[in-house]
Amino acid sequence: MKQITRKHDQLAKGAIKSVTSDGLIVMKPRAYRPKFPLRAMIAVVVLGFMFKGLLLASIGNVAYAERVASLAQGGVMDRAGAWVMQIDPATVLIGDFLAPYLGDLR
C-alpha cells in the first residue's frame with residue numbers, strides 16, 4: 001500500500017505517458033526538477049559582469065576605481081554595492097574587449 005501511495009504522489013507531480021509494444025499505456029513519474037532557476041541566476045551574473053565591463057570601458061580605470069572607493073565609504077548597502085562593483089579579472093577582460101568599440105566615450 002505504501003508503494004502505491006508513493007507512486008501516486010509522484011505521478012501527481014507530473015508524469016510521462018508512453019505506449020508499450022503491446023499497446024498498454026504506462027505512466028512514469030517525471031524526473032525531479034529543482035525549483036531554483038539556475039539559468040536565470042547565471043544570466044544575471046553574466047549580465048552583471050557585462051555591465052561592470054561596460055562601465056569600466058566607458059569611464060576608465062581610474063575614474064571607476066574612484067567611484068567604487070567613494071561608494072565604499074557609505075552605509076552598509078553602499079559597501080555591499082562597492083564589494084559587488086569592485087574591479088576583478090573578468091571585468092577587466094570584458095572592459096578591454098569593449099573599449100575599442102566605445103571610441104570617444106572615454
Side-chain angles (χ1 to χ4, degrees):
M1 195 65 175
K2 285 183 183 181
Q3 288 177 342
I4 294 172
T5 305
R6 187 178 316 128
K7 187 162 184 178
H8 183 267
D9 291 341
Q10 290 174 345
L11 290 173
K13 294 177 184 174
I16 298 172
K17 298 171 189 139
S18 61
V19 180
T20 61
S21 60
D22 61 354
L24 184 64
I25 298 173
V26 179
M27 295 179 65
K28 294 181 183 177
R30 241 178 243 238
Y32 172 73
R33 291 206 168 187
K35 300 287 184 196
F36 187 73
L38 184 61
R39 286 186 191 174
M41 292 301 293
I42 291 172
V44 166
V45 169
V46 168
L47 287 174
F49 278 112
M50 293 289 288
F51 176 71
K52 285 173 46 175
L54 180 67
L55 281 177
L56 184 66
S58 65
I59 65 174
N61 290 345
V62 176
Y64 187 87
E66 288 174 357
R67 291 184 185 195
V68 170
S70 68
L71 191 61
Q73 301 302 318
V76 175
M77 292 302 290
D78 292 337
R79 287 192 305 255
W83 181 80
V84 169
M85 295 302 288
Q86 67 187 350
I87 298 175
D88 50 41
T91 303
V92 172
L93 183 70
I94 294 169
D96 290 343
F97 177 76
L98 294 175
Y101 299 108
L102 296 178
D104 298 358
L105 292 179
R106 259 196 220 190

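For clarity, every value in this text was computed on a predicted model and none was experimentally measured. The chain is numbered in sequence order, starting from 1. What you see below is based on every heavy atom in this structure, not just the backbone, and it leaves out hydrogens, waters and symmetry mates.
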Does Val84 have any side chain to side chain contact (heavy atoms under 4.5 Å, CB included) partners at least two apart in sequence or in another chain, and if so, which? none

For residues 76-99, the ring-ring contact (aromatic ring centres under 6.0 Å, His included) pairs (sequence neighbours left out) are Phe97-Tyr101

The side chain to side chain contact (heavy atoms under 4.5 Å, CB included) partners of Leu11 (sequence neighbours excluded) come to Lys7, Ala15, Met27, Pro29

Asp88: salt bridge (Lys or Arg N to Asp or Glu O under 4.0 Å) partners, not counting sequence neighbours: Lys52

With rounding to the nearest 0.5 Å, note down the distance linking CD in Gln10 to CZ in Arg6. 7.5 Å

Same cluster or not: Leu102 versus Ile94, using hydrophobic residues (I, L, V, M, F, W, Y) connected whenever any side-chain heavy atoms lie under 4.5 Å apart? yes

Under 3.5 Å, which donor-acceptor pairs link side chains of residues 41-51 to any protein atom two or more places apart or in another chain?
none

Of all residues at least two apart in sequence or in a different chain, which pass the side chain to side chain donor-acceptor pair (under 3.5 Å) check with Thr20? Asp22

Heavy-atom closest pair (Ile59 atom, Arg67 atom, distance to 0.1 Å) is CD1-CD, 3.9 Å

Scan residues 39-50 for pairs that pass salt bridge (Lys or Arg N to Asp or Glu O under 4.0 Å), counting only residues two or more places apart or in two chains. none

Side-chain cluster (under 4.5 Å, hydrophobic types only) that Ile16 belongs to, other residues: none

Donor-acceptor contacts, no H, no angles, side chain residues 74-82, under 3.5 Å, sequence neighbours left out:
residue: Asp78; atom: OD2; partner: Gly75; partner atom: N; Å: 3.4
residue: Arg79; atom: NH1; partner: Gly74; partner atom: O; Å: 3.4

Between Tyr64 and Ser58, is there a donor-acceptor pair closer than 3.5 Å when you use the side chain of the first and the backbone of the second? no

Co-members of the apolar cluster containing Val26 [side chain, <4.5 Å]: Leu24

Closest heavy-atom contact between Gly53 and Leu98? C-CD1, 4.3 Å

Examine distances only and state if a side-chain atom of Thr5 and a backbone atom of Met1 form a donor-acceptor pair shorter than 3.5 Å. yes

Answer whether the closest heavy-atom distance between the side chains of Leu56 and Asn61 falls below 4.5 Å. yes

Give me the atom names and distance for the closest heavy-atom approach of Leu55 to Met85. CD1-CE, 3.7 Å

